[in-house]
Amino acid sequence: MIRVTHIISDLIVGGAQVMLHDLLKHTNEKAGFEVEVISLTDMGVIGAQIETLGIPVRAIGMRPRDAMNLRGVRKLTRELRRFRPDVVQTWLYHADFIGGLAARFVGVRHVAWGLHASHLDSQSVKRTTLWTVRACAKLSHRVPSKIVCCAEAARRIHAEAGYDAEKMIVIPNGFDTERFKPDAVARAAVRAELNIADDVPLVGLCGRFHPQKNHENFVRAAAHLNARMPEARFLLCGEGSDWQNSRLAGWIDEAGLRDCFHLVGRRADMPRLYAALDILSLSSSYGEAFPMVVGEAMACGVPCVVTDIGDSSLLIGDTGRVVSAEDSHALAEAWSEVLGMTDEQREVLGRAARRRIESHYGIAAIAARYASLYRMMARS
């Protein structure tokens, strides 16, 4: 039995956290693994979900300054000594830094880091995060045995930042095609909840309200589309995507589109919401590596229109549309093109999207690649 400890910075809802949950769902004792998860901060929504899989989760309650003065290392080393893992897999920068040091300190020989970002611009990334990245770049030549990148874009940008490129491998995010699948019943139910008729075009953006996601660009594109297709409606979901968000509501009201937008906040029924859409859109201007929401929507048979950030274009291939970041006119034009298709043409595109996920990014196959990595590391 190979013991694997996953160390992650936090367990709030995010791409890396969701990927960890889905990976653990397909990693079990039958495959020869005993697994635990350590969050450097608190449990979060994803931590509770992981516990329902029967996997122990421990939150050590670190504060931001703990990582800077290494107090958190002592808390973490106690946990590692107790479990005595054969392999430590870390997720996100602060976990790579502090988790890697703690693992080496207690004698763990096999450490794999996880890189899940594709943007290191000083104007949009916190100084503490950039400091951690610089420290990790130096440590990468000594601490990890392998560095797992979730995207080619993540591999490239971190190699340029000084990470040890020879240790890097790319294992993309995977998607649960049993959970995320076309669902005509859910489509009808969600549209009834929102009072949207089945033949009304619906474009959605799913993601937390954050500058990276560029909701303002989405609203501008919505205004352009509204000028030619006033019947179209727009759905925003995710943390902060509600009418209490004065900035977001202000952009929508300034565009005169309040009656066209449905803001539903954070939801736990994402497969149902995807099913209701005609297009899932990504308007991000930076930072995406291998966006989970795009692959999830594709698995649901929903065509996607995305900005050319990270590996988004590689993910959708020829099953959707890709436009330049921050170009609201191009985004609206791509929406118009897809919505202008016949229902049958959009269905063909959606079926191709699902097949692409099944063929290249199914979670079982991705989990097998992680398992193979851990076995190889444990044998070396």
Side-chain angles (χ1 to χ4, degrees), residues 2-9 15-16 19-20 23 27 32-33 35 38 40 67 70 73 76 80 85-122 125 129-174 286-291 309-315 360-361 365-380:
I2 299 173
R3 292 186 172 189
V4 181
T5 295
H6 293 270
I7 303 174
I8 192 165
S9 300
M19 178 57 202
L20 173 59
L23 173 64
T27 304
F33 294 96
V35 180
I38 299 175
L40 296 185
L70 303 186
V73 173
L76 188 54
L80 293 174
D86 301 297
V87 176
V88 167
Q89 170 77 68
T90 58
W91 300 70
L92 305 173
Y93 294 128
H94 291 89
D96 291 343
F97 175 64
I98 201 168
L101 288 177
R104 289 302 195 196
F105 183 77
V106 301
V108 177
R109 294 176 50 232
H110 309 297
V111 177
W113 281 358
L115 297 178
H116 298 268
S118 65
H119 181 78
L120 296 173
D121 183 76
S122 61
V125 179
T129 299
L130 291 175
W131 183 92
T132 305
V133 169
R134 288 193 290 270
C136 284
K138 292 183 173 64
L139 292 173
S140 68
H141 299 271
R142 299 177 61 87
V143 172
S145 305
K146 293 292 182 180
I147 303 173
V148 182
C149 308
C150 76
E152 287 291 344
R155 182 198 58 77
R156 183 177 60 255
I157 196 169
H158 289 91
E160 292 171 353
Y163 278 67
D164 190 337
E166 293 185 0
K167 295 180 179 179
M168 291 181 176
I169 60 172
V170 176
I171 303 180
N173 291 337
Y286 65 89
E288 305 284 0
F290 204 88
I309 300 297
D311 278 15
S312 295
S313 62
L314 176 64
L315 175 57
H360 300 288
Y361 306 112
I366 298 302
R369 292 176 64 177
Y370 272 96
S372 178
L373 171 66
Y374 300 154
R375 292 191 190 100
M376 180 273 293
M377 292 175 68
R379 287 196 301 264
S380 63

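In what follows, residues are counted from 1 in the order of the sequence shown.
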Would you give the length of the straight line joining atom [atom1] of [X] to atom [atom2] of [Y], rounded to the nearest 0.5 angstrom?
X: Ile8; Y: Leu40; atom1: CD1; atom2: CG; answer: 9.0 Å
X: Ile157; Y: Ser118; atom1: CD1; atom2: OG; answer: 6.0 Å
X: Glu166; Y: Ile147; atom1: CD; atom2: CD1; answer: 10.5 Å
X: Leu373; Y: Ile171; atom1: CG; atom2: CD1; answer: 5.5 Å
X: Leu120; Y: Glu160; atom1: CG; atom2: CD; answer: 9.5 Å
X: His6; Y: Tyr370; atom1: NE2; atom2: OH; answer: 9.0 Å

Please report the closest heavy-atom contact between [X] and [Y], naming both atoms and the distance.
X: Met19; Y: Ile366; answer: CE-CG2, 3.7 Å
X: Val87; Y: Met377; answer: CG1-CE, 4.2 Å
X: Ala95; Y: Ser9; answer: N-OG, 3.2 Å
X: Ile309; Y: Gly287; answer: CG2-N, 3.9 Å
X: Gly99; Y: Leu76; answer: CA-CD2, 3.7 Å
X: Pro291; Y: Ser312; answer: CG-OG, 3.5 Å

Task: His94 and Thr132 side chains, donor-acceptor separation under 3.5 Å - done: yes

Once side chain to side chain donor-acceptor pair (under 3.5 Å) is applied, do any residues pair with [X], and if so which ones, sequence neighbours excluded?
X: Gln89; result: Tyr374
X: Trp113; result: none
X: Glu152; result: Arg155
X: Asp96; result: Thr90

Open item on the list: Before you tell me yes or no, could you show the steps for His116 and Trp91 under side chain to side chain donor-acceptor pair (under 3.5 Å), namely the whole-Å CA-CA distance, both residues' side-chain angles and the distance that decides it to 0.1 Å?
Closed with: CA-CA 8 Å; His116 298 268; Trp91 300 70; over 6 Å; no

- [ ] Sorted by first residue and then second, give each side chain to side chain donor-acceptor pair (under 3.5 Å) pair with at least one member in residues 135-150; sequence neighbours left out.
- [x]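 Residue pairs passing side chain to side chain donor-acceptor pair (under 3.5 Å), neighbours aside: none found.
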
Task: Test item: Thr5 side-chain N/O and Val88 main-chain N/O as donor-acceptor pair under 3.5 Å - done: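 Side chain of Thr5 to backbone of Val88: no pair is present.
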
Open item on the list: For Val170, is there any backbone N or O sitting under 3.5 Å from a side-chain donor or acceptor partner on Arg369?
Closed with: yes

Task: With sequence neighbours excluded, residues passing ring pair (Phe, Tyr, Trp, His ring centres under 6.0 Å) with His158 - done: Tyr93, Tyr163

Open item on the list: Could you check whether any side-chain heavy atom of Phe290 comes within less than 4.5 Å of a side-chain heavy atom of Leu315, counting everything from C-beta outward?
Closed with: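 Yes, close enough: below the 4.5 Å cut-off.
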
TODO: Inspect the surroundings of CZ in Arg3 and state if more than 12 heavy atoms from other residues, nucleotides or ligands are less than 6.0 Å away.
DONE: yes

